[in-house]
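All remarks here apply to the structure that follows.
Just so it is clear, the structure is predicted and the values come from calculations on it, not from any experiment. Chain A is the first sequence line, chain B the second, and so forth, proteins listed ahead of strands; every chain is numbered from 1.
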Number of protein chains: 2
Amino acid sequence: MLLEEVAMFKELDPLLHSQLRLAVISLLASLEEADFVYLREKTSSTAGNLSVQLEKLSEAGYIEVEKGYSGKRPRTTCRITETGRKAFEDYVEALKSYF
Amino acid sequence: MLLEEVAMFKELDPLLHSQLRLAVISLLASLEEADFVYLREKTSSTAGNLSVQLEKLSEAGYIEVEKGYSGKRPRTTCRITETGRKAFEDYVEALKSYF
DNA sequence: TAAATAAGTTTATAATATAAACCAAATATT
DNA sequence: AATATTTGGTTTATATTATAAACTTATTTA
């Protein structure tokens, strides 16, 4: 029984290996809560793109999305979950194997 | 004339924001020279995928690819260019804006 | 009341990543 | 010697992604 070589580079979670999703998670990791408009502004993304990516993060259980109102206007609020936080930490750790 | 807000997150060079291409550049950044088979093994990639990604890095001028022989067998040798090294450094720097 | 704005969602498209299939030459097997 | 296998790749096909354009619905503003 030989020693298998340990993989040199760690897998990069494809859900986080996306510029916009990574930016979103990065923001939520330090803010704990942010709404759609704030995220759109800080990430300089289009609403369409952001909407799609939030949906993916939400499906993966990395964030929670709450659709409510601020006065009469719709307001979508996002929070990172523990799963999401862990995934973010793992992603950062995995990246280190590339440097 | 107002102060424009500085973009919070830096752009991630799409050429390097790819697991396999990043692994290749990472290897070449520290090795200065590596052949196809070595890269395939260290990155645990398929030959087809590697071939495509080497071609992209080469087209971008990030690496130089030399096709020769080792005895009678084909041997493809790769080296990082200064452009490639700079791009890698910039990529790492840009990533920091996400952490 | 019409036009513009806000806050998103849905849909279309182009680019990507990836593996499967293929190829030519060298080596090993019978 | 003929055939099969391995080596070192390339080309092609496919499924997934990332992204913006187009659309929707409600709310202000003129």
What is the distance, rounded to the nearest whole Å, between atom [atom1] of [X] and atom [atom2] of [N]?
{"X": "A:L54", "N": "C:dA7", "atom1": "CG", "atom2": "P", "value": "15 Å"}
{"X": "B:N49", "N": "D:dT10", "atom1": "CG", "atom2": "P", "value": "13 Å"}
{"X": "A:R75", "N": "C:dA7", "atom1": "CZ", "atom2": "P", "value": "10 Å"}
{"X": "B:E55", "N": "D:dT10", "atom1": "CD", "atom2": "C1'", "value": "10 Å"}

Open item on the list: I want to check something: taking the side chain as every heavy atom from C-beta on, are B:R75 and B:F36 in contact at a cut-off of under 4.5 Å?
Closed with: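 They are not in contact (no side-chain heavy atoms under 4.5 Å apart), so the answer is no.
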- [ ] Would you mind reporting whether B:E66 and B:R79 have side-chain heavy atoms less than 4.5 Å apart?
- [x]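 A side-chain contact under 4.5 Å exists here.
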Is the shortest side-chain N/O distance from [X] to OP1 or OP2 of [N] below 4.0 Å?
{"X": "A:K67", "N": "C:dT9", "result": "yes"}
{"X": "A:K56", "N": "D:dA18", "result": "yes"}
{"X": "B:S51", "N": "D:dG9", "result": "no"}
{"X": "A:R21", "N": "D:dA18", "result": "yes"}
{"X": "A:K72", "N": "C:dA6", "result": "no"}
{"X": "B:T46", "N": "C:dT18", "result": "no"}

TODO: Under 4.0 Å between any heavy atoms, over every strand shown, what does A:Q53 touch: base, sugar-phosphate, or nothing? Just pick one.
DONE: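 If one applies the 4.0 Å heavy-atom cut-off, A:Q53 turns out to touch a base.
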Open item on the list: Can you give me the closest heavy-atom contact between A:D13 and A:A87, atom names plus distance?
Closed with: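 Looking at all heavy atoms of both residues, the shortest contact is OD2-CB, 4.1 Å.
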